[in-house]
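Encoded as structure tokens, the structure appears first; notes follow it.
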Amino acid sequence: MKENNAWGFVRVGQNPNYVGMYVTGDAKEVQYFAKVKEIVPVDEADLARPAESYTEDAQYDEDKKVIVFEENSLYRLEDPIEYRNKYPQGLMYTTLGDFKEAQTTEDIFE
């Protein structure tokens, strides 16, 4: 994400204004947040490396999109949103208000 100021490669069903990123593994919490600048096809994304080279970091697919963040809007949450009972399986949508008030993932993904 930091390398390109973007998140890829995802299938997006809506046009979100913001994104929160859940980190799996030992962390199990929403740790990152960013404001969306634009959503572009993979072949139009201005990436630091060729898109195909990201296969170990993400599942590259030319039909997926890249979510480009507003400059300097990606940051790590000071108080990450902890896992409880529910975690995102794929993209999940919520309101900015619910995201701001969430104490746990259950508050976001109900």
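Predicted, not measured: the structure shown is a model, and the values here were computed from it.
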What's the spacing between [X] [atom1] and [Y] [atom2] if we round to 0.5 Å?
X: Leu74; Y: Lys2; atom1: CG; atom2: NZ; value: 7.0 Å
X: Thr24; Y: Gln31; atom1: OG1; atom2: CD; value: 9.5 Å
X: Trp7; Y: Lys65; atom1: CH2; atom2: NZ; value: 15.0 Å
X: Arg84; Y: Glu29; atom1: CZ; atom2: CD; value: 14.0 Å
X: Thr105; Y: Ile108; atom1: OG1; atom2: CD1; value: 7.0 Å
X: Tyr22; Y: Tyr32; atom1: OH; atom2: OH; value: 14.5 Å

Inset, instruction - Determine whether Tyr18 and Val30 fall in the same hydrophobic cluster, where Ile, Leu, Val, Met, Phe, Trp and Tyr are linked whenever their side-chain heavy atoms lie under 4.5 Å apart. - result: yes
Inset, instruction - Give the cluster check for Val23 versus Phe9: same hydrophobic cluster or not, with ILVMFWY residues linked at side-chain heavy-atom distances below 4.5 Å. - result: no
Donor-acceptor pair, distance only, cut-off 3.5 Å: does the side chain of [X] make one with the backbone of [Y]?
X: Tyr93; Y: Gly13; result: yes
X: Asn85; Y: Glu106; result: no
X: Asp98; Y: Thr94; result: no

Does any non-hydrogen side-chain atom of [Y] lie less than 4.5 Å from one of [X]?
X: Val36; Y: Asn17; value: no
X: Asp26; Y: Lys28; value: no
X: Val68; Y: Val40; value: yes
X: Asn4; Y: Arg49; value: no

Inset, instruction - Verify the neighbour count for atom CD of Gln103: are there more than 12 heavy atoms of other residues, nucleotides or ligands below 6.0 Å? - result: no
Inset, instruction - In sequence, state the C-alpha distance, the side-chain angles, and the governing distance for Asn15 and Ile39, and then conclude on side chain to side chain contact (heavy atoms under 4.5 Å, CB included). - result: CA-CA 8 Å; Asn15 291 313; Ile39 301 170; 3.9 Å; yes
Legend entry - For Glu70, all residues meeting side chain to side chain contact (heavy atoms under 4.5 Å, CB included), sequence neighbours excluded: Lys35, Lys37, Ser73
Inset, instruction - Could you tell me if the ring centre of Phe99 sits under 6.0 Å from that of Phe33? - result: yes
Inset, instruction - Please test Leu91 against Gln14 for side chain to side chain contact (heavy atoms under 4.5 Å, CB included), starting from the C-alpha separation and ending with a verdict. - result: CA-CA 10 Å; Leu91 294 181; Gln14 297 182 17; over 6 Å; no
